[in-house]
Amino acid sequence: MTKTKTVVTLLLIVSLMIPITTTAAPPLGSEVVWNVQTDQKLIALTFDDGPNPVYTPQILDLLHQYQAKATFFVLGKRVKMYPAIAIREVNEGHEIANHTFDHHFLKNYPPERIVEEIRQTQEVIFDITEQMPSVFRPPGGFYNDALLQSMKEDKLTVVMWSWYQDTKDWKKPGADKIVQTVLNNVHNGDIILFHDLEGDCSQTVEALKRILPELQQRGYRFLTVSDLIAKTRK
């Protein structure tokens, strides 16, 4: 089998395993949003697993420098640890979103346990920031019908990321690799995945120093996930 046929086969297998939703205007009842289609140069930057006491403030400084808004998929336990950073995210116009309390994967825990974590995180975020998240991203991208139904009942939109815009920055591949992943694949309506997780996020910060000005020069605007979806619904 040729390399091309192997790649196509793998993509077909993945498409059968994961219910991907890609529409020009995701309806209000849409179960999962991976990206949106738009003729406008709009993209959403997302950061998972924070806040990080060292690197999230540096990311916020860069976003402010380039008038960029982002969505932070936070962990409830880390919001409790670093409430001032979560408050700063909200005060500076970014979206704070739910990523569970302790980053448990659905494949390892029953849906009802994950839902309890999600609701606990909603309460923590609201108590600290006075903002109630409307967006949820499952850790590792794992979800099933039971979880999706619970999120629908809780009025939370499940948002993933553009499959070609997973920077895998948590693996520390080098700032150059992170930059190449984003700049070489960028399209209108992309949802780009970064992390401000516990530990060393210096490569993500260094990559953003190059990504933000370059995309701005190309004419892109950086919106929160909710704003990106809302604009495509108009």
Side-chain angles (χ1 to χ4, degrees), residues 10-38 42-50 69-76 94-109 111 114-115 117-118 121-122 125 133-171 178 181-182 185-197 204 211 220 222-233:
L10 288 172
L11 288 175
L12 286 173
I13 292 172
V14 170
S15 68
L16 291 172
M17 293 174 60
I18 304 175
I20 299 178
T21 299
T22 306
T23 63
L28 289 172
S30 176
E31 288 187 333
V32 183
V33 177
W34 291 75
N35 64 344
V36 297
Q37 294 180 1
T38 174
L42 305 173
I43 55 178
L45 308 177
T46 66
F47 299 87
D48 285 12
D49 303 347
K69 302 305 177 187
T71 298
F72 290 86
F73 287 90
V74 299
L75 300 180
H94 303 293
E95 180 173 27
I96 193 162
N98 195 318
H99 198 45
T100 73
F101 190 84
D102 204 24
H103 206 272
H104 288 133
F105 293 143
L106 177 62
K107 65 178 182 177
N108 299 326
Y109 284 80
I114 300 296
V115 171
E117 277 206 23
I118 294 166
T121 302
Q122 291 289 90
I125 292 173
S134 61
V135 177
F136 166 70
R137 174 176 285 162
F142 295 106
Y143 61 86
N144 60 15
D145 289 342
L147 181 63
L148 293 180
Q149 182 59 37
S150 294
M151 295 304 90
K152 189 174 182 179
E153 292 171 359
D154 287 357
K155 295 181 173 56
L156 281 167
T157 300
V158 178
V159 173
M160 305 295 275
W161 56 87
S162 305
W163 65 267
Y164 48 85
Q165 286 290 12
D166 181 355
T167 63
K168 301 188 188 301
D169 55 346
W170 59 274
K171 290 185 176 182
I178 298 170
T181 296
V182 175
N185 299 296
V186 68
H187 295 82
N188 297 353
D190 278 356
I191 299 174
I192 303 174
L193 174 60
F194 298 100
H195 293 79
D196 59 339
L197 73 175
T204 301
I211 290 169
Y220 283 98
F222 310 100
L223 306 182
T224 67
V225 161
S226 290
D227 283 347
L228 178 64
I229 295 171
K231 282 188 175 293
T232 61
R233 285 186 179 142

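- The two residues Thr181 and Tyr164 make their nearest non-hydrogen contact at CG2-O, 4.0 Å.
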**Q.** side-chain contact (heavy atoms from CB on, under 4.5 Å) between Asp154 and Gln122, intermediate numbers included
**A.** CA-CA 10 Å; Asp154 287 357; Gln122 291 289 90; over 6 Å; no

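- Ile43 CD1 to Leu223 CG: the interatomic distance, rounded to the nearest 0.5 Å, is 9.0 Å.
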(Q) Is there a side-chain contact (heavy atoms from CB on, under 4.5 Å) between Thr204 and Asp196? Walk through the geometry before answering. (A) CA-CA 8 Å; Thr204 301; Asp196 59 339; over 6 Å; no

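- Evaluated for a side-chain contact (heavy atoms from CB on, under 4.5 Å) with Ser150, the options Ile114, Asp145, Val115 yield exactly one hit, Val115.
- In this structure, Phe101 has its ring center at least 6.0 angstrom away from the ring center of His103.
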Q: Could you please spell out the steps behind the side-chain contact (heavy atoms from CB on, under 4.5 Å) verdict for Val225 and Val33?
A: CA-CA 10 Å; Val225 161; Val33 177; over 6 Å; no

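- When all heavy atoms of Phe73 and Asn98 are compared, the closest pair comes out as CD2-O, 3.7 Å.
- Salt-bridge check for Asp227 with Lys69: failed, with every basic side-chain N at 4.0 Å or more from each acidic carboxylate O.
- Side-chain contact between Phe136 and Leu147: present, with at least one pair of heavy atoms (C-beta onward) separated by less than 4.5 Å.
- Pro138 is not listed as a side-chain neighbour of Thr100, based on a closest heavy-atom distance of 4.5 Å or more.
- Closest heavy-atom contact between Thr224 and Glu95: CB-OE1, 3.5 Å.
- Judged by distance alone, the side chain of Thr167 and the main-chain N or O of Leu193 form a donor-acceptor pair under 3.5 Å.
- Minimum heavy-atom separation, Leu228 to Ala44: CD2-CB, 3.8 Å.
- Atom CE of Met151 sits about 13.5 Å away from atom OH of Tyr143, to the nearest 0.5 Å.
- Put simply, the side chain of Gln165 never gets that close to the backbone of Asp190: no donor and acceptor are under 3.5 Å apart.
- Heavy atoms only, all atoms of each residue included: Leu156 and Pro133 are closest at CD2-O, 3.4 Å.
- Atom CG of Asp48 sits about 4.5 Å away from atom NE2 of His195, to the nearest 0.5 Å.
- Between Leu148 and Val32, the shortest heavy-atom contact is CD2-CG2, 3.7 Å.
- A donor-acceptor pair is defined here as one N or O able to donate and one able to accept, closer than 3.5 Å; such a pair exists between the side chain of Asn144 and the backbone of Ala146.
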Q.
For a side-chain contact (heavy atoms from CB on, under 4.5 Å) check, start with the C-alpha distance between Val159 and Thr71, then their side-chain angles and the critical distance, and finish with the verdict.
A. CA-CA 11 Å; Val159 173; Thr71 298; over 6 Å; no

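- Between the side chain of His99 and the backbone N or O of Asp49 there is no donor-acceptor pair closer than 3.5 Å.
- In this structure, the separation between CG on Asn188 and CG on Leu42 is 7.0 Å, given to the nearest 0.5 Å.
- A parallel orientation is assigned to the rings of Phe194 and Phe47, their planes being inclined by less than 30° (bins at 30° and 60°).
- Checked by atom type and distance alone, the side chain of Thr46 pairs as donor or acceptor with a backbone atom of Ile192 at under 3.5 Å.
- Asn35 places no side-chain N or O within donor-acceptor distance of the main-chain N or O of Ser162, the cut-off being under 3.5 Å.
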